[in-house]
Amino acid sequence: MTVTRFAPSPTGYLHIGGLRTALFSWLTAKHNNGKFLLRIEDTDMARNSQEAKDAILKAFEWVGMSHDGEVVYQSERFGLYKKYIDQLLAEGKAYKCYMTKEELETLRKEQIARNERTRYDGRYRDFKGTPPKGIEPVVRIKAPQEGRIGFIDGVKGEFSVDASEVDDFIIARADGSPTYNFVVAIDDALMGLTDVIRGDDHLYNTPKQIVVYQALGFEIPRFYHVAMINNEQGKKLSKRDGATDVMAYKAMGYLPEALLNFLVRLGWSYGDQEIFSIDEMIKLFDPNDINKSASSYNLDKLLWLNAYYIKHKPESELVALLKEFGVDLQGHENCSMILNATKERGKTLVELAEQIKRILAAPTQYDEKSVKKAFKAEAKEILSAFAERLAKAQPQSQEDFHLLMEEIVKEREIGFGKLGMPLRVSLMGSMTGAGLDEIMAILGKGETIKRIERAIATLV
RNA sequence: GGCCCCAUCGUCUAGCGGUUAGGAUCCAUGGUUUUCAUCCAUGUUACCGGAGUUCGAGUCUCCGUGGGGUCACCA
């Protein structure tokens, strides 16, 4: 069975790049009816925070990517790691190193001065003497000293590094706590991972982890190293680039399905298809099709996708979502009409909410430019005539209102705009927005007349 | 700097030795619409450079250039 995972370290919020990697892993699992596991890599007690853990979990909940089984916390598994450290020590596959941090630093400086690659020199690898007093040793693993360490990457293809690139790295610190590459290999093996999909910034960790796999006799999973997402300038995504926090997209009024659709197309494609429902993604995604090159992201497409998903969102769901943006249409008698009139005019839920608010409440101020353009000489007279006619009639439907407008325009032999423009400013405060008959049908006769009268009073 | 990865319209991408190099987004124009938006149509824009292999190269090889990753008792 296919088992994948996402393994963030809780040092901050979930960012957009992490979400894409998680999505790829999740899709791979779902595609194969497998499991998608979540593991929190919190071995560095100093940098972890509970808020970060919560934020990550929340982001997953928002996008609807559920994990299988319990969340695994590495901080709760130190005993397990200790067991394997002792085992390797006993088997002579790892050893204690009494080099101090200062000595290591000195060695490094010398190597840099000689223009060499910085690496541990293996001085305690075969140490048999009496260990120096007063020094808590670290534990280092014995890495192969010659040949190449390689694997086949599902994205990059064959990949290998010279054994000299991998030194006897530390698996347990002086305080006994295990290090990253060691615990990742153990957890991935113990959790039964078949496919490890992660950012290609981990490419060089893989040979190290393979050393651990081999020392412990674990089966090596298949790796996929996904290229990074860059900003529009092609540079590494950083906090300076604005919204990198997944939850920021929620606040900006994006739909999770739009964000996921956007992300799945970054580094992956299926012919010319642009729109993918979650089910389609699951059906079609294959990690072996992931692109090798990095991609930079550009919000235009996300915005377009978001507009698409808003347009196609079922009404009831839209109503529920809109509540978080200050609009409550629950139980509103004209709910459908309002949504139909505004749906296509908002690229985000924020914009959609604004559009709806303009209908729900009378304008508190009128757009200056629009007023200047619309309220020419005879505007007041035409509007008054229209209001009068409205008062006498009993318009119910959109069509009724439309006919009323047509009557006036025809009788007076004027262009539609002569009535339409000032009317629109009166009702909405500006010259843009939904159809007039649509708006009036929503507002009803009374509110329409009220808004017209108010506009005449304040604008003319 | 060492090692390694990558390279098609501004952006996301298709292409897997023979195509007028396709789609999407953005932008522009036109149509639909009383306005805006939607929708529809049309258009501009790309194979990083140089050698080689081949009858033929965006596609294969090499070199260069550019970008990126990585070299911790961080993860």
So, is N291(A) near the phosphate of rA14(B), with a side-chain N or O under 4.0 Å from OP1 or OP2? yes
Any strand counts, and the cut-off is 3.5 Å on both contacts for Watson-Crick or G-U wobble. Which nucleotide pairs with rU20(B)? none
Among rA75(B), rC12(B), rC36(B), the nucleotide that comes nearest once only the side chain of S295(A) is considered: rC12(B)
Check whether the side chain of Y297(A) and the base of rC12(B) form a donor-acceptor pair under 3.5 Å. no
Please state the C1' separation for the pair rC60(B) and rC47(B) - nearest whole angstrom. 15 Å
When rounded to the nearest Å, what value does the distance between C1' atoms of rC4(B) and rU8(B) take? 24 Å
Using the C1' atoms only, state how far rC26(B) lies from rG10(B), rounded to an integer number of Å. 8 Å
Selection: residues 153-161 of chain A, any non-hydrogen atom under 4.0 Å of RNA chain B: K156(A), F159(A)
How about Y13(A) and T244(A): do any of their side-chain heavy atoms sit closer than 4.5 Å? yes
Pairwise side-chain contact, K357(A) with V327(A), heavy-atom cut-off 4.5 Å (strictly under): yes
Can you tell me, in whole Å, how much space there is between the P of rA51(B) and that of rU59(B)? 13 Å
Regarding R345(A) and E351(A), does a basic nitrogen lie under 4.0 Å from an acidic carboxylate oxygen? no
Would you mind pulling out the nucleotide paired to rA41(B), Watson-Crick or G-U wobble, both distances under 3.5 Å? rU29(B)
Side-chain contact check for V138(A): nearest option of rC73(B), rA75(B), rC36(B) is rC73(B)
What is the distance, rounded to the nearest whole Å, between atom CZ of R265(A) and atom P of rA14(B)? 7 Å
Return yes if some donor-acceptor pair links the side-chain N/O of R451(A) with the main-chain N/O of L427(A) below 3.5 Å, else return no. yes
rC12(B) base / K301(A) side chain donor-acceptor hit below 3.5 Å: yes
Phosphate-side-chain proximity, R108(A) and rC73(B), N/O vs OP1/OP2 below 4.0 Å: yes
Please list, in numerical order, the residues of residues 336-358 of chain A that have a heavy atom closer than 4.0 Å to any atom of RNA chain B. E344(A), R345(A), K347(A)
Could you check whether K301(A) pairs with E274(A) (Lys NZ or Arg NE/NH1/NH2 to Asp/Glu carboxylate O, under 4.0 Å)? yes
With sugar-phosphate meaning primed atoms plus P, OP1 and OP2, does A174(A) contact a base, only sugar-phosphate, or nothing at under 4.0 Å between heavy atoms? base
Sugar-phosphate, base or nothing in reach of M228(A), heavy atoms under 4.0 Å: nothing
Here the distance between atom C1' of rG1(B) and atom CD1 of I112(A), to the nearest Å, is 10 Å
If you define the side chain from C-beta out and look only at heavy atoms, does anything of R140(A) sit under 4.5 Å from Y124(A)? no
List, with names and distances, any nitrogen or oxygen atoms from the protein found under 3.5 Å away from nitrogen or oxygen atoms belonging to nucleotides 39-48 of chain B.
residue: rC39(B); atom: OP1; partner: K311(A); partner atom: NZ; Å: 2.9

Is the backbone of A185(A) close enough, under 3.5 Å, to the side chain of D188(A) for a donor and an acceptor to pair up by distance? no
Of the candidates rG22(B), rU25(B), rU13(B), the side chain of S269(A) sits closest to rU13(B)
Short side-chain N/O contact to rC12(B) OP1/OP2 from S296(A), under 4.0 Å: yes
Base, sugar-phosphate, or nothing for M99(A), non-hydrogen atoms under 4.0 angstrom? base
By the Watson-Crick or G-U definition, both distances under 3.5 Å, rG66(B) is matched with rC6(B)
Under 3.5 Å, is there a donor-acceptor pair linking the side chains of R424(A) and S370(A)? no
Integer angstrom distance from the P of rC48(B) to that of rA7(B): 9 Å
Using a strict cut-off of less than 4.0 Å between a Lys/Arg side-chain nitrogen and an Asp/Glu carboxylate oxygen, indicate whether R114(A) and E110(A) qualify as a salt bridge. yes
Examine rU35(B): is either OP1 or OP2 under 4.0 Å from a nitrogen or oxygen in the side chain of T432(A)? Give yes or no. no
What is the distance, rounded to the nearest whole Å, between atom CG of L303(A) and atom P of rU38(B)? 11 Å
Might you list the N or O atoms of the protein lying below 3.5 Å from N or O atoms in nucleotides 15-17 of chain B, with each pair's distance?
none

What heavy-atom pair brings P132(A) and Y98(A) nearest, and what distance separates the two atoms? CG-CB, 3.6 Å
Rounding to an integer number of angstrom, what distance separates rG56(B) and rG23(B) when you compare their P atoms? 30 Å
Over 60° means perpendicular and under 30° means parallel, so classify the ring planes of Y204(A) and F159(A), tilted if in between. perpendicular
Is it true that K283(A) and E280(A) make a salt bridge, defined as a side-chain N closer than 4.0 Å to a carboxylate O? no
Review item, nucleotides 32-34 of chain B N/O atoms under 3.5 Å of protein N/O:
residue: rU34(B); atom: O4; partner: L436(A); partner atom: N; Å: 2.7

With the threshold set at 4.0 Å, does a side-chain nitrogen-carboxylate oxygen contact exist between E411(A) and R389(A)? yes
Is it true that a side-chain atom of E103(A) and a backbone atom of T100(A) form a donor plus acceptor pair closer than 3.5 Å? yes
Is any side-chain N of the basic residue among R39(A) and E41(A) closer than 4.0 Å to the acidic one's carboxylate O? yes
Distances under 3.5 Å between nitrogen or oxygen atoms of protein and nucleotides 58-66 of chain B:
none

Checking rG22(B), rA7(B), rG69(B) against the side chain of S293(A) (C-beta onward), the nearest is rA7(B)
Is it true that R412(A) and E381(A) make a salt bridge, defined as a side-chain N closer than 4.0 Å to a carboxylate O? yes
Taking the P atom in each of rG52(B) and rG68(B), what is the distance between them to the nearest angstrom? 32 Å
Base, sugar-phosphate, or nothing for L266(A), non-hydrogen atoms under 4.0 angstrom? sugar-phosphate
Any non-hydrogen side-chain atom of R20(A) less than 4.5 Å from a side-chain atom of I229(A)? yes
Any heavy-atom pair between the side chains of F218(A) and L190(A) that's under 4.5 Å? yes
Whole angstrom value for the distance that separates C1' of rU35(B) from CZ of F375(A): 14 Å
Any side-chain heavy-atom pair of Y224(A) and N288(A) under 4.5 Å: yes
Between rG69(B), rA75(B), rC6(B), which nucleotide has the shortest distance from any of its atoms to the side chain of D201(A)? rG69(B)
Can you tell which of D42(A), T43(A), N48(A) makes a side chain to side chain donor-acceptor pair (under 3.5 Å) with S75(A)? D42(A)
Which nucleotide, rU13(B), rG23(B), rG2(B), lies nearest any side-chain atom of E165(A)? rG2(B)
Looking only at N and O atoms, is any donor in the side chain of E274(A) or the base of rG23(B) less than 3.5 Å from an acceptor on the other one? yes
In whole Å, what separates the C1' atom of rG17(B) from that of rC55(B)? 11 Å
Electrostatic pair D367(A):K369(A) at N-O distance under 4.0 angstrom: no
Whether Y213(A) and F223(A) hold their rings parallel, tilted or perpendicular, with breakpoints at 30° and 60°: perpendicular
Of all the choices, rC12(B), rG69(B), rA75(B), which nucleotide is nearest to the side chain of S9(A) once you look at every atom? rA75(B)
